[in-house]
Structures are given as structure tokens and as C-alpha cells.
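Step one of this worksheet: look at the structure below.
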There are 2 protein chains.
Amino acid sequence: MESKPTIQDVANLANVSIATVSRVINNQGGVRKVTEERILKAIEELGYIRSAAARTMKLKETNTIGVIVPDIKNPFFPQVMAGIEQKAREKEYFTILSSTNESPKIEEEIVKNFIERGVDGVIITTANEEGDHLKLLEDQGIPVVAVDRSIKKLEVDTVLVDNKKGTYQAIQHLILQGHEKIAIICGPLNTTPGLDRYLGYQQALEDYKIALDERYVIQGDFGEQSGYRCTKKLFELEERPTAIFSSNNMMTIGCVKALEDLNWRLGSEVSFIGFDDVDIATFLNPKLSVVARPMNSIGEIAFLLLHERISLKGHLPKREYLLTPELKIRQSCRLVNPAL
Amino acid sequence: MESKPTIQDVANLANVSIATVSRVINNQGGVRKVTEERILKAIEELGYIRSAAARTMKLKETNTIGVIVPDIKNPFFPQVMAGIEQKAREKEYFTILSSTNESPKIEEEIVKNFIERGVDGVIITTANEEGDHLKLLEDQGIPVVAVDRSIKKLEVDTVLVDNKKGTYQAIQHLILQGHEKIAIICGPLNTTPGLDRYLGYQQALEDYKIALDERYVIQGDFGEQSGYRCTKKLFELEERPTAIFSSNNMMTIGCVKALEDLNWRLGSEVSFIGFDDVDIATFLNPKLSVVARPMNSIGEIAFLLLHERISLKGHLPKREYLLTPELKIRQSCRLVNPAL
DNA sequence: CCTCAAAATGTAAACGTTTAGATTTTTTTG
DNA sequence: CAAAAAAATCTAAACGTTTACATTTTGAGG
């Protein structure tokens, strides 16, 4: 366990200069076969692994991108991450992931840490869409791609799904099934997904001339707990909704738990559609209808956008991808029950 | 977007030497108040952020640990990760995560990359328990903690749950409910969890004098697909089992899907217990009985062990943590149906 | 066997920190 | 107020790469 071998050690052992070793390591050619073999053998023998730190210092690039998500336990993000990693690996980029727990303060620390480490770019679902705390990245000229939530104060590429449209279609579907008392469990309205999903809801009601009833608009925070709580509140209304729309996967889970506990019968007594597909969707009886997003693609696109920006240092205009989500109708939404 | 400011720029602006700036950055004291303030102002003004690369190069430490998991989409790992991150943050360590997709080849690449980056330690659930490809870490003197799967050829700290005991209890429970035709969907037997869970099954049958029936031992690969496939095979037996034990979460999901599709009625026609709690467990009707693990704790312990080793460079003996899983009986296992 | 171009290899500087040890400044003390 | 001690600050080297440029080696052609 001597101190790690350096390029110098390799050079000594192979009886060449460090420049030659460097050439071999980086496959730059212009080295005689025999020399190369001698060097390779020395590397093998010493167990030499080059130091990324030293390399970065000279080259000012790390071939690394940083990914920041608000909650690693929300399955949406690992899925997106898988898409990112896949594309990144193809381009020989390396990915580092950190989770903020929805805390802008932790997010800022992470950003700073990423900058210290010299990431070449960042993909982020920010905990605070205002984005003041992300100015640092801009200052350093580090490309950023926003995923799922946009960033107000930063001109960056963005990959979103059409939250409004997806929700609109879901609500429309419910309306066409005769529902008029449709509740929405909202996400935080200061986030893009939270707000846009609410706007889709609003729009659908408006288009179909259904008055928006404040009692049916209820505020969650994208967490499972809040889905549970909100559902309970809806249940306690003297005039219960006949359909519920939940704004994200975690709240859907809470909601379904509540329905179960309250013995509020899914499908028959209350129809349901949730944003984002969830594992449980097809296990429940009845199966859950959902607005599904192509999570893997979101990750892939995000990386591709970022990679473009990293390679073409030039100034590209801000780009925005808007993927269309898919309404998957299963059995949790039914014609409104005339008996109610 | 000039090139990034360095400590030298700060020093110039504040009219001091770089040594003094360094002292301020690292809170080493011995700097006059006024000087410190001048320096702080300069840092602020320039937006200076120190280069981790340069720092690492000098100090040979990164305050970073690497985490390697086989499948980031399996919710078990994000949960463990959350535990790791939490403790790591407390100790001012930073975490980088990579997923191997169960490929030892990718795993080796990742390891190499981690070493290049100079991680101070590694927490890993390896894709190949033989561990030959992990020798590199040992050579470099980088502490390693194995989680969930042990590593044969490496003397490293290990955090496991008592897979055998957990499974034993589950099978025992089924036996005490009168089941004799109990099937197990195994994980790969060349992994600790796969093998130990099988051994627990075997042991329980033996202790209760039930002959092991090869037809009921069926080989999966921890993937959802295989859970589905295996369940189907069991269904096709002329003498179907009256109970099924699934060796992990993903296979449980596949299994439940299959039961549904086959219209093989959970609880009444076939009892079920799965290893690892899953989101869907409490949504199903009947609710799934499971062997649950304290995932967050696993992560916390793993980090603590690693941290100890990083700080106390000395040679500690290999340590092994064996957490006890908890059998959660819900409604998916019932007294054997005498009608069958 | 000499010349010369091409190929291979070597030299040395630079990247941005930290820090031991040298030097300067400030404070204390008689 | 000078000398000594203490505190603050500075100088310079080192960390392990990459690479422009310099030097040496090789081999072809005469």
C-alpha cells in the first residue's frame, strides 16, 4: 500500500519519459510498438491508474455531468436517471447524482460542490424554480438543462411534459363520463408541474362550462402523506366529489391508501385518474387510470441537449422540449354513478 | 465568462498572498479581522469557488464516497441511498452514485472511474460476488463496505440482513398454517441473498420434515419478468403449490401480475409471502405478507462503517452486520384451504 | 556511409491548491 | 523607546497530469 504510482513511476519502469507514457495512455499514436508494449506492461505491473484530479487541473474538463433531483425516493427520478445514464455512457460521460430533499439550501450546497468538482454540465429538477440560487452556474458558464420543472431566472434548455394538456385530457375524460363534481389534489402551485396541472384542470372545466368549485380544489405538496390527508378532507365534505384527479405519483399512493381506509369505493363510488404511472396502478382492483410520461426518454433527451451545449460552446438559443403524456384509461374511472 | 477566478486572482484583488487567502478559505485562523474581511469581499466579488481538482491533487483526499448499485430502478437501492446520504451529509461527505445494470463489466469501469476520481471509500452491492474485479480497490487501499451482497475475495465490512432467518420465518409461518406444497421463486444462487433465502427455505422444510419437492423450487433472476414467468410455470404444474415465496421485491411484482392474469386467486387459492416490502403490498386485496428490511438503516450503518475505516486508517478486523428482517403478516397467507 | 526528412521521444512549463518555513509586522514588556 | 516575543503574512515547492517545442533516433535515398 505504498503511495499510488504516478505516471513518473511508469515512465521510470519503462525507461521512457512521462510524455511518452501520456501519449500511450491517451492513445495519441506516434509511439513505437515496442515502446508502447513496454509501457503497457509497466502500467499493468504497477497497477497504475491516472489521477482524474491532475488531469482535470490541466484540461479543465471532467467528462462528468451532475444530476440534481429533489427526491431520490420518488421512482420517477431513478427512471429519468436511467435514461440519462444510458446516453451518457454512450458518449463516455460520467454521471454523479445528488438529492436535495426538496431543500433549496441543500441544493445550493450541491451546486457549489458540483462546481468545485468542475462538472461539465448539470441536469436539474430544482427545488426552487425562482432559480436565484442557481446563478452560480450561469456565472461559471456551466450548461444547465432543467427537467420537469423550469427555472425562471435562468435561460436554460428545458425538458417538460405537457402537464396542462395531460391533465386537460384526464379531466375531459371524466367530464365526458358525466362527472361534474371533480376534485383535484394539487401539487405546490409554485412549481411548474403543480401549477400547470392545475391550469389544465381549470381549462377543462371552463371549456365544458362547469363552474369551478373551490371545495374541490385541494392543496397537497407532492408527498404521499398529503395525498392521504387531502383525500380524507374530500371525504369529509358533505357533498363529496364523484371523481378525483391526483397531481402526482406519490400523492396517488396516499390517496389510494386513504380510499381504502375510508372504504370509499374506487371506481364505483369515486372515479380516479392520477398524474404519472405508478407500480400499483395495474394491481389495484379496479386498475388505476393515469396520465403516463415517458420517463426514460425524458432522461435521454435531457442528456442529449446538455451534451450539445457542452460540445458546441457557442451560444445556442434556449430550447424547450415539450413531450406529450399519454392518458391511460383503465378501470378506475367510470360513468358517473346516477345513484349518487 | 472569463476563465474562472483562481486563488491568485483573489489574492491580487485583496492585496495579500495566496497563502493568506488559503487560510481564510479553510478557516485556519491566524488572519487579522480586517484582512479576512477584505479577502472575503474579494471572493464574493469575483465569485471565486475553489477547484476541487487542485485541492485533491495536493491533499489526496476528496471527501467523497462512491456508491455502486446494480439497479437504480429497484426501489430498494434509492432507499438505502437515502440512508447513506443522510449520514454522509452529517459528516460533510459527498456521495456519488452509479448503477451497473447488474453488469460486472460496467461495474469494473465504474470502479476504475471512482479510483481515478480518488474516492475515499466505496459502498457497493456488487454484480459479481466473486470480487476479482474489485481487487483494484484493495490494491489502492480504498476502504470498501459491501451491502446486501458479500464479496468473496475481499476482506471487507459487510452489511447484510439475515436472509436465511427471514425466509425461514416466512416459510415456517406458511407451514404452521398447514401448507406443505410451498414453492419458492429463487434469486440467482450465486448471490448471497439468492442463496441464503433458498437455504432458509430448505432449512424450514427440513426442520418440519417436509420433503423438498424440486418442482416447487424455481429459478428467477430478481427481475420482474422472471417473477412473472416463474409464477406461470408453477401454475402449469399438475399439482400446484398452495403457497409461494418470492425471493425479492421485483419478482414479487411480476408474480402478482401473473396471479392476476392467470386468475389464480391470491390468499384463497394460493398463499403468498415475498421478501422485501413493496409499495403495492398494502394495496392489494388481500394485502401482501412480506419479509421487510430496514432499508434506511442499512444505508446509515454502511456509511458509518465506511467512515470509521476512512478515518482510522489502521487495520481493523473485518466486521459483519447482520440485521434482522421483520415478518409482516398481512392477508395474503392463510390456513391451507382444505378444499384444494 | 553520408545527408536529411520523418518519426519517436524527451524537456519543461503550466494548471490551482496547500503548507512548511522564512520574513515581516505588530504587540508586549522592561 | 528598544528589544524580544508573538502574530500575521509571504515565498516557494509540491502534487500528477498534458502538451508545445526541442532533441534524438531511425531509415530512406543517394
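Every chain is numbered from 1 and lettered A, B, ... according to where its sequence line falls, protein lines coming before strand lines.
The separation between A:Glu116 atom CD and C:dT18 atom P is 10 Å, rounded to whole Å. Between A:Met57 atom CE and C:dT17 atom P the separation is 8 Å, expressed in whole Å. Residue A:Arg23 contributes atom CZ, which lies 9 Å from atom P of C:dG10 at whole-angstrom precision. For B:Ile39 and D:dC10, the CD1 to P distance is 8 Å, given to the nearest whole Å. In this structure, A:Leu46 places its CG atom 14 Å from P of D:dG16, rounding to the nearest Å. If you take CZ of A:Arg55 and C1' of C:dG16, they are 17 Å apart, rounded to a whole angstrom. What separates CG of A:Asn27 from C1' of D:dT18 is a distance of 15 Å, to the nearest Å. The nearest whole Å value for the distance from the CG atom in B:Asn26 to the C1' atom in C:dT18 is 8 Å.
In this model, the phosphate group of C:dC15 is not approached by any side-chain N or O of B:Thr6 to a distance below 4.0 Å at OP1 or OP2. The side chain of A:Lys60 contributes no N or O atom lying less than 4.0 Å from OP1 or OP2 of D:dT18. The side chain of A:Thr35 contributes an N or O atom lying less than 4.0 Å from OP1 or OP2 of C:dT9. Dashed line: the shortest gap from a side-chain N or O of A:Ser22 to OP1 or OP2 of D:dT18 is under 4.0 Å.
Nearer to the 5' terminus of DNA chain C, by closest-nucleotide assignment, is the contact made by A:Ser17 (compared with the other of B:Val21 and A:Ser17). Nearest-nucleotide assignment on DNA chain D puts the 5′-proximal partner with B:Gly30, out of A:Thr20 and B:Gly30. Nucleotides of DNA chain D nearest to A:Arg32 and A:Ile18 differ in position, and the one nearer the 5' end is that of A:Ile18.
When the nucleotides C:dT11, D:dT11, C:dT19 are ranked by their closest atom to the side chain of B:Gln28, C:dT19 comes out on top. Of the listed nucleotides (C:dT18, D:dT17, D:dT18), D:dT17 has the atom at the smallest distance from the side chain of A:Ser51.
Side-chain contact, A:Glu107 with A:Thr126: a donor N or O sits under 3.5 Å from an acceptor N or O. When only modelled atom types and interatomic distance are considered, A:Glu129 and A:Thr192 share a side-chain donor-acceptor pair under 3.5 Å. Using modelled atom types and a 3.5 Å distance limit, the side chains of B:Asn296 and B:Glu300 yield a donor-acceptor pair.
With hydrogens and angles ignored, no donor-acceptor pair under 3.5 angstrom links the side chain of B:Lys58 to the base of C:dT17.
In this structure, the side chains of B:Glu320 and B:Asp157 stay at 4.5 Å or more apart for every pair of heavy atoms.
As judged by a 4.0 angstrom heavy-atom cut-off over every strand, A:Thr56 is placed among residues making no nucleic acid contact. Counting any heavy atom pair closer than 4.0 Å across all strands shown, A:Glu61 reaches no nucleic acid atom.
Partner of A:Val147 under the side-chain contact (heavy atoms from CB on, under 4.5 Å) criterion, chosen from A:Ile301, A:Ile68, A:Ile123: A:Ile123.
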